[in-house]
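Below: one structure, written as structure tokens.
Below, chain A is the first sequence line, B the second, and so on; all start at residue 1.
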Number of protein chains: 2
Amino acid sequence: MPHKKTKTLKPTADAVEILRRRTYAGKPARMKNLEEARTNEEIARKIQELRTAAALTQTQLARLIGTTASVICRLEDADYEGHSLAMLRRIAGALNQRVEIRFVPIRRSA
Amino acid sequence: MPHKKTKTLKPTADAVEILRRRTYAGKPARMKNLEEARTNEEIARKIQELRTAAALTQTQLARLIGTTASVICRLEDADYEGHSLAMLRRIAGALNQRVEIRFVPIRRSA
DNA sequence: TTGCCATTTCGCAATATTGCGAATAGACTG
DNA sequence: CAGTCTATTCGCAATATTGCGAAATGGCAA
């Protein structure tokens, strides 16, 4: 997924273009990555937490959602970056939970 | 993604197996689908809402996250079922938001 | 009407995620 | 020690999602 395109900027009056540059220009991209890493870690922990709270082994949870233990293990890996809404829903459903998704505004620096 | 396996049940003492049957047996599966459909609809609407609130066209938002207008259009389609965490994050990031994911317990029947 | 912009739909290639078995390691027990 | 269960890692096939252009549609204004 290419995200690096810092070619030499040329002048523009396009407000959207300006916003795009401001957003992807400096550190924000890196911060965004860190933020995502944190989130992935939290998701992994949360899955493990819910599973153990339900007193299930990886194999048992896997059977509940129709997959295998290795898949569950992968999901509980803090470094895993491939979390999908579909999978989170399957996990949640098996554990009598639902996935709630919210867009929350970011406080723009200080 | 196969989810229908209502083969004739055979007796079991496995608690996990019992739970699995109870979860996927009757209507819950269908209710779960409805619940997901509602959620997808909400996500689609939310994306459109955020985009228009930011006074952006689909083309402009597409440029912000490095894709095309047709993709944005697809995301804003209430019937679209392919929402991914990755894409939601890209949208959110471009609009100064972050995606918050929570597992919330479901009140079991009545 | 024409022209322009935004949106929508379609098809297919490219990439990402899942499915799944096998093999390994760790912990615990008899 | 062997035996068992859990967790983890690896590789590759299968499926799902995205990328992207082309074409069609709708709205709006000159």
Side-chain angles (χ1 to χ4, degrees), chain A residues 1-5 14-17 20 33 36-37 39-41 43-94 99 101, chain B residues 1-5 13-17 20 33 36-37 39-41 43-45 47-94 99 101:
Chain A
M1 225 176 294
H3 257 308
K4 34 194 61 175
K5 241 192 180 180
D14 186 338
V16 173
E17 177 64 15
R20 190 184 67 78
N33 288 341
E36 284 185 15
T39 303
N40 287 331
E41 208 175 309
I43 292 177
R45 275 206 317 257
K46 190 62 183 176
I47 291 176
Q48 186 174 31
E49 176 189 321
L50 288 176
R51 175 177 64 80
T52 54
L56 297 175
T57 67
Q58 291 178 338
T59 302
Q60 289 172 326
L61 176 55
R63 284 211 52 185
L64 282 176
I65 66 173
T67 185
T68 60
S70 60
V71 172
I72 302 298
C73 179
R74 192 161 50 192
L75 297 178
E76 293 182 357
D77 179 351
D79 292 334
Y80 183 61
E81 297 179 349
H83 292 292
S84 78
L85 203 40
M87 182 60 88
L88 295 184
R89 280 171 172 165
R90 287 165 65 189
I91 300 285
V99 178
I101 293 176
Chain B
M1 224 173 294
H3 257 307
K4 32 193 63 176
K5 239 191 182 182
D14 186 336
V16 172
E17 178 64 13
R20 190 185 67 78
N33 288 341
E36 284 184 15
T39 303
N40 287 332
E41 207 175 310
I43 293 176
R45 273 207 317 257
I47 291 176
Q48 187 174 31
E49 176 189 322
L50 288 177
R51 176 178 63 82
T52 55
L56 296 176
T57 66
Q58 291 178 338
T59 302
Q60 289 171 326
L61 175 56
R63 283 211 52 184
L64 282 176
I65 67 173
T67 184
T68 60
S70 60
V71 172
I72 302 299
C73 178
R74 193 160 49 193
L75 297 179
E76 293 181 357
D77 179 352
D79 293 334
Y80 183 59
E81 297 180 351
H83 291 293
S84 78
L85 202 41
M87 182 60 88
L88 295 184
R89 280 170 172 166
R90 287 164 65 190
I91 300 285
V99 178
I101 293 175

### Query
Does R51(B) come within less than 4.0 Å of E76(B), counting only side-chain N to carboxylate O?
yes
### Task
Kindly say if R90(A) contacts the phosphate of dT17(C), meaning a side-chain N or O under 4.0 Å from OP1 or OP2.
no
## Note on the structure
note: L85(A), atom CG; dT15(D), atom C1'; distance rounded to Å ~ 17 Å
### Message
Treating T57(A) as the side-chain partner and Q60(A) as the backbone partner, does any N or O pair qualify as donor plus acceptor under 3.5 Å?
### Response
yes
### Task
Output yes when a side-chain donor or acceptor of S84(A) lies under 3.5 Å from a complementary backbone atom of M87(A), and no otherwise.
yes
### Message
Whole angstroms only, please: what is the CG-P distance between D77(A) and dT8(D)?
### Response
8 Å
#### Entry: Interatomic distance, I72(A) CD1 vs dT8(D) C1' [rounded to whole Å]
13 Å
### Message
Side-chain N or O of R51(B) versus OP1/OP2 of dT7(C): is the shortest distance under 4.0 Å?
### Response
yes
### Summary
A44(B) and D77(B) have their tightest heavy-atom pair at CB-O, 3.7 Å
### Gap between atoms CG and P, on L61(B) and dT18(D) respectively (whole Å)
14 Å
### Task
Using whole Å, report how far CD of E81(B) lies from C1' of dT15(D).
15 Å
### Task
Ignoring backbone atoms, test whether Y80(A) places a side-chain nitrogen or oxygen under 4.0 Å from the OP1 or OP2 oxygen of dT18(C).
yes
### Query
Quick one: D79(A) CG to dA7(D) C1', roughly how many Å, whole number?
16 Å
### Task
To the nearest 0.5 angstrom, please state how far the CG atom of L88(B) sits from the CD1 atom of I43(B).
5.5 Å
### Query
Which of the following nucleotides, dG11(D), dT9(D), dT18(D), is nearest to the side chain of R74(A)?
dG11(D)
#### Entry: Side-chain heavy-atom pair T67(A), R90(A) within 4.5 angstrom cut-off
yes
### Task
To the nearest Å, give me how far apart CZ (R89(B)) and C1' (dA16(C)) are.
14 Å
### Message
Can you tell me if T67(B) touches the phosphate of dG19(D), counting only side-chain N or O atoms and a distance under 4.0 Å to OP1 or OP2?
### Response
yes
### Message
dT18(D), OP1 or OP2 - any side-chain N/O from S84(B) closer than 4.0 Å?
### Response
yes
### Query
Atom CD of Q58(A) to atom P of dT6(D): distance rounded to whole Å?
10 Å
### Message
Is there a side-chain contact between Y80(A) and L75(A) in this structure, where contact means two heavy atoms from C-beta onward sitting under 4.5 Å apart?
### Response
yes
Please enumerate all protein N or O atoms sitting under 3.5 Å from an N or O of nucleotides 21-30 of chain D, with distances to 0.1 Å.
residue, atom, partner, partner atom, Å
dG21(D), O6, S70(B), OG, 3.0

### Query
Out of dT6(D), dG19(D), dA6(C), which has the shortest distance to the side chain of T57(A)?
dT6(D)
